[in-house]
Amino acid sequence: GPSTSRFDGVKVFRLKPDNEYHVNEIKNLAEKIKLNFWNPEGADQVTSHLNVDVQVNDEDVLLVKDLLQRSGMEYEVLIEDLQKAIERQFDNKHR
Amino acid sequence: STAGYSYEKYNSWEKISEWAESMATENPTLVTKTQIGQTFEGRHMVLLKLGKNTGFAKPAIFMDCGIHAREWISPAFCQWFVKEAVTSYGSDPAMTSLLNNMDVFVLPVFNIDGYVYTWTRDRMWRKTRSKNSGTTCVGTDPNRNFDAGWCTVGASKQPCSETYCGSRVESEIEVKAVADFIRKNRSIIKAYLTIHSYSQLLLFPYSYTTDLAAHHSELLDIARSASNALYSLYGTRYTSGPGAVTIYPAAGGSDDWAYDLGIKYSFTFELRDEGRFGFLLPESQIKPTCEETMLAVKYIATYVQEHN
């Protein structure tokens, strides 16, 4: 069956750094809180103009949103609730 | 029996393992199951050899899926490929010619322990499940653990990192098993394909350096043509090019290692999608994703067969 860990409230952000300041903000953030990088595969590989898809725990969402707004970095929320997305992947109609 | 097996669902390792056994039993002239080693937790690393029995060694293609545990669409593709090979042999001229003249080694799940862990404990797990001394952090990134500019760029020396390169080259028992098999069969393996997700990319060496590979032009032509073949079915756009300059530098990858070993036709697929679902691609997209990927893989396989 599906995994026993739950991801309620966990979000996946797409960050759009367009300068070195933004890149450093992401790298600094990765040192402060637990970020799970989806793409690229780690903070070291973040560069400007490369979309960064990153999983953020529920308790860190407000901190991340605040940082993004202060830095002026463009972003979007790709996945609002990771737990629901995990459940939705099993959408085979024959299941 | 494989009769009721669903290729349009994600399957647990238990099911995949039983399916592999049945595939070999039901298709003895076309499919041979072997074991190339054991995982850290002691599971058998199952390899399927597809190809018409001729009594002598044929040139071969090696394809692995599931290096990264959470990329579930990747093992789904390997299962789809085996199913297509078996069912279309004798009716599809390209597949028939391929399996008459070459063998295809398919490793359905490379990182089995990690895959099991994503099913039972943590859906987002990526690495192996090996223990690291001096830390409670578990696992190494198997695609940073090959001997290709190991741990020089785009990899981490920190065991807690998702891109941890390991304590040494081939420290992961799974990586060593695959590398040993390919080294042992180096003379017959003409192409290496590794299936990942996501990003819709078709990459080739190098990733550990921005230097271009000696066969850059030919590999680029192949990758572009394969991407065009893939696009022709559902209009899914892929970007192709060498890893380091197309996405980002990353050392220790399997495709770079295979290329440097002398396997000229070495490619990495990053399947659907471009981030809407990421690692959580719905099962309803397994079929179209595998169908379009088959076109690209068959293009490369045919090219290799003709240029062997």
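Residue numbers start from 1 in every chain, and the chains themselves are labelled A, B, ... in the order their sequence lines are given, proteins ahead of strands.
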Note: vs chain A, highest number of non-hydrogen pairs under 4.5 angstrom among B/Lys287, B/Arg70, B/Arg276, B/His68 is B/Arg70
Structural part of [X] lying under 4.5 Å from a heavy atom of chain A:
X	result
B/Glu270	neither
B/Ser199	side chain
B/Leu280	both

Q. For A/Glu59, does the CD atom have more than 12 heavy-atom neighbours from other residues, nucleotides or ligands under 6.0 Å away?
A. yes
message = Are there over 12 heavy-atom neighbours, none belonging to A/Glu74, within less than 6.0 Å of that residue's CD?
response = no
What one should report as the nearest heavy-atom pair of A/Glu41 and B/Glu162 is O-CB, 4.3 Å
query: Does a donor on one side chain and an acceptor on the other come within less than 3.5 Å for B/Tyr198 and A/Asp53?
result: yes
With no hydrogens and no angle check, just 3.5 Å: does a side-chain donor-acceptor pair link B/Ser284 and A/Asp91?
yes
Checked A/Asp44, A/Leu50, A/Leu78 vs chain B; the most non-hydrogen pairs under 4.5 Å come from A/Leu78
Per-residue tally against chain B (heavy atom, under 4.5 Å) across A/Gly42, A/Pro40, A/Ala43 peaks at A/Pro40
So does [Y] get a backbone contact from the side chain of [X], meaning a donor-acceptor N/O pair under 3.5 Å?
X	Y	value
A/Ser5	B/Arg121	yes
A/Gln45	B/Gly154	yes
B/Glu283	A/Asn92	yes

Residues 23-30 of chain A vs chain B, non-hydrogen distance cutoff under 4.5 Å, contacting residues -> none
So the salt bridge (Lys or Arg N to Asp or Glu O under 4.0 Å) pairs with at least one residue in residues 62-73 of chain A (sequence neighbours excluded) are A/Asp66-A/Arg70
Would you say B/Met124 and A/Trp38 make side-chain contact, with heavy atoms under 4.5 Å?
yes
4.5 Å side-chain heavy-atom contact, A/Gln89 and B/Tyr10
yes
Between side-chain atoms of residues 73-80 of chain B and protein atoms elsewhere (two or more places apart, or another chain), which donor-acceptor pairs fall under 3.5 Å?
from, atom 1, to, atom 2, distance (Å)
B/Ser74, OG, B/Gly66, N, 2.8
B/Ser74, OG, B/Ile195, O, 2.6
B/Gln79, OE1, B/Tyr5, OH, 2.6
B/Gln79, OE1, B/Asn11, ND2, 3.2
B/Gln79, NE2, B/Pro75, O, 3.0

Those residues of residues 135-147 of chain B that come under 4.5 Å of chain A on a heavy-atom basis, listed by number, are B/Arg144
In A/Thr47, A/Val46, A/Asn39, the residue satisfying side-chain contact (heavy atoms from CB on, under 4.5 Å) with B/Tyr248 is A/Asn39
So CG of A/Asn36 and CZ of B/Phe279: to nearest 0.5 Å the spacing works out to 7.5 Å
